[in-house]
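All remarks here apply to the structure that follows.
Please read these numbers as outputs of a predicted model, since none were measured by experiment.
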Amino acid sequence: MNFALILFLLLLVSGALWALDRFVASKRRSVGAKTPWWVEYGASFFPVILVVFCLRSFVVEPFKIPSGSMIPTLLIGDFILVNKWTYGIRLPVINKKIIDVNEPQRGDVMVFRFPGDPSLDYIKRVVGLPGDKVEYIDKKLTINGQPVPQNAAGDYLHTDRLYYSPSFIEKLGNVEHRIIVENAAPAYVSQVTKYPFQENCTYTNRGLSCTVPAGHYFMMGDNRDGSFDSRGWGFVPEQNIVGKAFFIWFNFSDLKRIGSFQ
């Protein structure tokens, strides 16, 4: 369901009813005549829908985390806010950028339209920028020949299934964040689909090496062995960017999770 399109259509309908009542119908009604219910309700909703549409399209948009691919940074059930303007102002519905602001940086947590099905929104961490050579060999991340700093951070407890995973503090650009890596999981990429610029990647039984094409980004989940990401489905084109995730505003299971994150 394309909620942005539905909201846009509601805005058009309510706006048309508001304009019809304001500039035509109200002038033709006799004094004291009752406004038709369909005009009254449609016109009264217009300001509310307009505010919601503008906030959601150009300022912030709410999302709910549906999977565990970003554990431990984001958990299933987290309700997050996404900054819609930090990567540029985009036209609603068609998502075309009209004003440049900033570009994604390594370490950003980004929401984007899944290249394989743009009706789906995905959330991952930016690992590779256009032109970068990204290698993930034996579960170690290297960018442009430089190993990404990584320090042990103890075990992470999965409270839903009561087991532990080794965790590490990784530094991508200026962002330090926690990742988890399963020692028992294979180093090779187990699920790979066909995708544009696949010739830029080389797969082995130890991992992969990719050169990010111009205008694209390489994304990975913080749950490195529990994330279906750019390793399996390729690069995210710039036109698929939705915004930068920055704040957890609610979680029904744990109110202490409310707050900003990296």
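For Phe197, the side-chain contact (heavy atoms from CB on, under 4.5 Å) partners are Glu199, Asn200, Pro213, His216, Phe235, not counting sequence neighbours. Every residue two or more places apart in sequence or in another chain was checked for a ring-ring contact (aromatic ring centres under 6.0 Å, His included) with Trp85, and none qualifies. Residues satisfying the salt bridge (Lys or Arg N to Asp or Glu O under 4.0 Å) test with Glu61, not counting sequence neighbours, are Arg56, Lys84. The side-chain contact (heavy atoms from CB on, under 4.5 Å) test applied to Lys133 returns Glu135, Asn144, Ser209, Thr211, not counting sequence neighbours. Not counting sequence neighbours, Arg178 has no partner by the salt bridge (Lys or Arg N to Asp or Glu O under 4.0 Å) test. Take His158 and apply the ring-ring contact (aromatic ring centres under 6.0 Å, His included) test, not counting sequence neighbours, and it matches Tyr156, Tyr163. With sequence neighbours excluded, no residue forms a salt bridge (Lys or Arg N to Asp or Glu O under 4.0 Å) with Asp254. Among residues two or more places apart in sequence or in another chain, the side chain to side chain donor-acceptor pair (under 3.5 Å) test is passed with Tyr188 by none. By the ring-ring contact (aromatic ring centres under 6.0 Å, His included) test, Phe53 pairs with Phe8, sequence neighbours left out. Every side-chain contact (heavy atoms from CB on, under 4.5 Å) that Ile258 has, sequence neighbours left out, goes to Phe247, Phe250, Leu255. With sequence neighbours left out, the ring-ring contact (aromatic ring centres under 6.0 Å, His included) criterion links Phe46 to Trp18.
At a threshold of 4.5 Å between side-chain heavy atoms, the hydrophobic network of Ile, Leu, Val, Met, Phe, Trp and Tyr places Val212 and Val236 in two separate groups.
Ile179 has its side chain out of reach of Arg125: every pair of non-hydrogen atoms, C-beta onward, lies at least 4.5 Å apart. Counting only heavy atoms from C-beta outward, the side chains of Ser230 and Lys124 never approach each other to under 4.5 Å.
Here the closest non-hydrogen pair linking Asn251 and Ile76 is ND2-O, 4.1 Å.
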Please table the atom pairs, donor to acceptor, closer than 3.5 Å between any side-chain atom in residues 97-104 and protein atoms at least two apart or in another chain.
from: Lys97; atom 1: NZ; to: Asp100; atom 2: OD1; distance (Å): 2.9
from: Lys97; atom 1: NZ; to: Glu238; atom 2: OE2; distance (Å): 3.1
from: Asn102; atom 1: ND2; to: Thr86; atom 2: O; distance (Å): 3.2
from: Glu103; atom 1: OE1; to: Tyr217; atom 2: OH; distance (Å): 3.4

